[in-house]
Amino acid sequence: MSLFHEFKKGLWEENPTLVLVLGMCPTLAVSSSMKNGMGMGLATVFVLVGSNLVVSLVRKFVPKKVRIPCYIVIIATFVTIVEMIMQAYAPPSLNSALGIFIPLIVVNCIVLGRAEAFASKNGPIASILDGLGMGLGFTLALMSLGGVREFIAQGTLFEYQVVPNWPPFLLMKFAPGAFVVLGLFLAGMNKIQMRKAAKEGRTFTPPAMLDCSHCRICDLTRED
Amino acid sequence: MKEMLKLSLALGLTCLIAGSILVFAHAETEEAVKAAKLRDKEVALRDVLGDCANQPIKDTKSFDDVTFYFARSADGAITAVAGEAIPKEHKGFGGEMKVLVALNPEGKILSVAVSESKETPGLGTNVTDRKLTKSIWSLFSGAKDQGEAAGLPPNVYLDRYTDQPASKIGAADFTILGRAPTGDENGVQAITGATISSRAVGDAVHQVCAAFTTNQTALLN
């Protein structure tokens with residue numbers, strides 16, 4: 001696997017939101033507008049890269065049986081430091097835009113999922129690229145979802161009014177709209193993959209080893 | 001037994017190292033965080049009180065859990081007062097909120113701004129954030145966005161308090177309503193989908209107005 005592939009896969013083939021279906025909670029909550037989506041996505045990229053790097057560096061020292069609690073401690077520490085640094089040194093505009101999302105990243109499955117599935121088994125450079133790719137894929141997914149929801153709800157994109165006097169459709173701004181739009185996106189994604197596979201003369205299956213039974217986060221006692 | 005010891009040690013060591021890093025990081029950034037918060041407060045006060053000859057952040061008095069900041073003209077006379085309160089009865093949705101209410105010495109509300117809040121972006125922030133509505137065409141045509149000229153950017157909810165007398169908002173019968181107030185009703189309409197945030201801001205504004213009216217003589221002298 002070339003290093004570039006590690007980066008590229010997070011953007012489309014193994015997009016964490018639309019293919020791996022990880023991190024659904026923050027996705028549904030934060031994709032209410034494009035600006036929020038971008039803010040959350042960029043903050044997550046930073047945390048993903050950092051935590052992947054740290055987990056990859058300590059992977060030989062952490063005993064297998066307590067690896068999950070250790071990873072959680074590492075991720076939470078990293079996020080807390082990022083929050084402190086942002087509050088202290090970031091310009092007020094950046095802080096007010098991203099500040100609320102930082103504490104939410106700790107509970108984002110993507111971070112723990114990638115630490116367990118990838119960073120704990122690969123070297124630092126590959127882990128950094130994986131984190132970068134996954135984070136950017138997450139950002140793109142959030143921004144597209146946010147764009148659709150924001151536009152249908154208010155007629156704005158990135159808080160710029162595109163269509164004046166748009167009748168507000170508040171359903172899109174809240175949870176029900178989030179579920180509906182996300183469902184349609186997932187269906188669309190599968191359709192595209194199926195069509196592409198049919199054209200290449202094979203049947204489409206979701207990437208192997210990525211479904212729930214292979215996740216292993218819930219299976220703490222396994223050592224392999 | 002030996003394995004359990006090894007595992008506990010590994011986990012304990014991770015937590016110890018993480019904890020030490022956090023303590024160190026906190027100590028290093030504590031001063032900078034305080035300075036940043038002070039700077040934000042100064043900006044908020046300047047937005048709400050306008051230009052003045054003194055430094056409102058240092059010119060304060062407290063009454064009934066409300067901190068008042070004074071804006072004075074060059075001869076020391078009070079031009080405006082800003083009261084800052086934390087909602088007590090109706091707390092903010094996401095956590096602690098601090099609301100600044102600017103009043104003139106006659107007891108009329110000049111403006112309301114939220115200096116600290118953690119409300120949900122896109123929902124609660126419709127109540128707390130003041131911003132200009134931007135049109136995408138203005139990006140292309142380079143035209144001025146609406147409302148760029150005068151003072152504070154607009155906010156539908158917060159502007160409902162402007163020009164109201166503090167004696168009215170501070171009265172015991174002030175409530176937050178789900179619709180526009182009719183006749184003599186003492187209330188302000190909330191924002192759909194942000195009722196809790198609206199109530200929290202209303203609670204804080206009510207506190208400031210009540211404290212102002214009760215202590216008006218002591219404040220202005």
Side-chain angles (χ1 to χ4, degrees), chain A residues 29-33 35-37 39-40 54 58 61-78 80-92 95-101 103 146 149-150 153-164 168 170 173-174, chain B residues 3-4 6-37 39-44 94-95 116-126 128-129 131-140 145-146 192-194:
Chain A
V30 170
S31 62
S32 52
S33 77
K35 186 168 163 216
N36 288 354
M40 178 64 157
V54 175
V58 300
F61 304 112
V62 174
K64 288 273 186 279
K65 281 193 174 168
V66 288
R67 66 187 189 283
I68 300 292
C70 285
Y71 296 162
I72 295 179
V73 168
I74 292 172
I75 295 169
T77 309
F78 196 77
T80 312
I81 294 181
V82 168
E83 195 180 4
M84 281 190 223
I85 293 181
M86 274 196 65
Q87 280 181 336
Y89 303 118
N95 216 1
S96 60
L98 296 188
I100 342 150
F101 301 124
R149 282 177 69 192
E150 189 184 1
Q154 297 165 270
T156 62
L157 275 180
F158 244 97
E159 298 182 358
Y160 283 89
Q161 193 78 28
V162 179
V163 178
L170 273 186
K173 228 179 178 190
F174 291 87
Chain B
E3 196 192 8
M4 209 158 55
K6 185 179 117 182
L7 294 178
S8 322
L9 211 68
L11 191 53
L13 201 67
T14 314
C15 294
L16 192 68
I17 298 177
S20 327
I21 296 179
L22 282 176
V23 167
F24 177 70
H26 180 75
E28 283 295 301
T29 57
E30 203 174 357
E31 287 305 310
V33 170
K34 279 207 198 117
K37 288 214 168 120
R39 245 176 296 135
D40 289 341
K41 180 68 66 75
E42 276 176 25
V43 169
E116 274 180 45
S117 69
K118 288 201 179 102
E119 303 304 287
T120 320
L123 291 171
T125 50
N126 287 337
T128 59
D129 288 358
K131 56 178 175 217
L132 307 159
T133 34
K134 297 172 274 195
S135 161
I136 206 166
W137 311 116
S138 68
L139 270 184
F140 298 123
D145 295 315
Q146 45 179 168
T192 319

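Since the structure is predicted, the reported quantities are computational estimates derived from the model, not experimental observations. A note on names: the letters A, B, ... follow the listed sequences, proteins ahead of strands, and every chain is numbered from 1.
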Okay, A/Ser32 and chain B: the region with an atom under 4.5 Å from a heavy atom over there is side chain
Applying a strict 4.5 Å limit to non-hydrogen atoms, the region of A/Phe78 in contact with chain B is neither
side-chain contact (heavy atoms from CB on, under 4.5 Å) between A/Val62 and B/Thr14: does it pass, once the steps are laid out? CA-CA 9 Å; A/Val62 174; B/Thr14 314; 5.5 Å; no
Heavy-atom nearest pair, B/Gly193 first then A/Phe174, reads CA-CZ, 3.9 Å
Residue from B/Glu31, B/His26, B/Glu119, B/Lys6 scoring the most non-hydrogen pairs under 4.5 Å with chain A is B/His26
Of B/Ala18, B/Ala10, B/Ala36, the largest count of non-hydrogen pairs under 4.5 angstrom with chain A goes to B/Ala18
request  = Evaluate the side-chain contact (heavy atoms from CB on, under 4.5 Å) criterion for residues A/Met84 and B/Leu22: first the C-alpha distance (whole Å), next the side-chain angles of each, then the deciding distance (0.1 Å), finally the verdict.
outcome  = CA-CA 9 Å; A/Met84 281 190 223; B/Leu22 282 176; 4.0 Å; yes
- Any side-chain heavy-atom pair of A/Ile81 and B/Ile21 under 4.5 Å: yes
- Query: More than 12 non-hydrogen atoms from neighbouring residues, nucleotides or ligands closer than 6.0 Å to NZ on A/Lys173, yes or no?
  - Reply: yes
When the 4.5 angstrom heavy-atom criterion is applied to B/Glu30 and chain A, the contacting part is neither
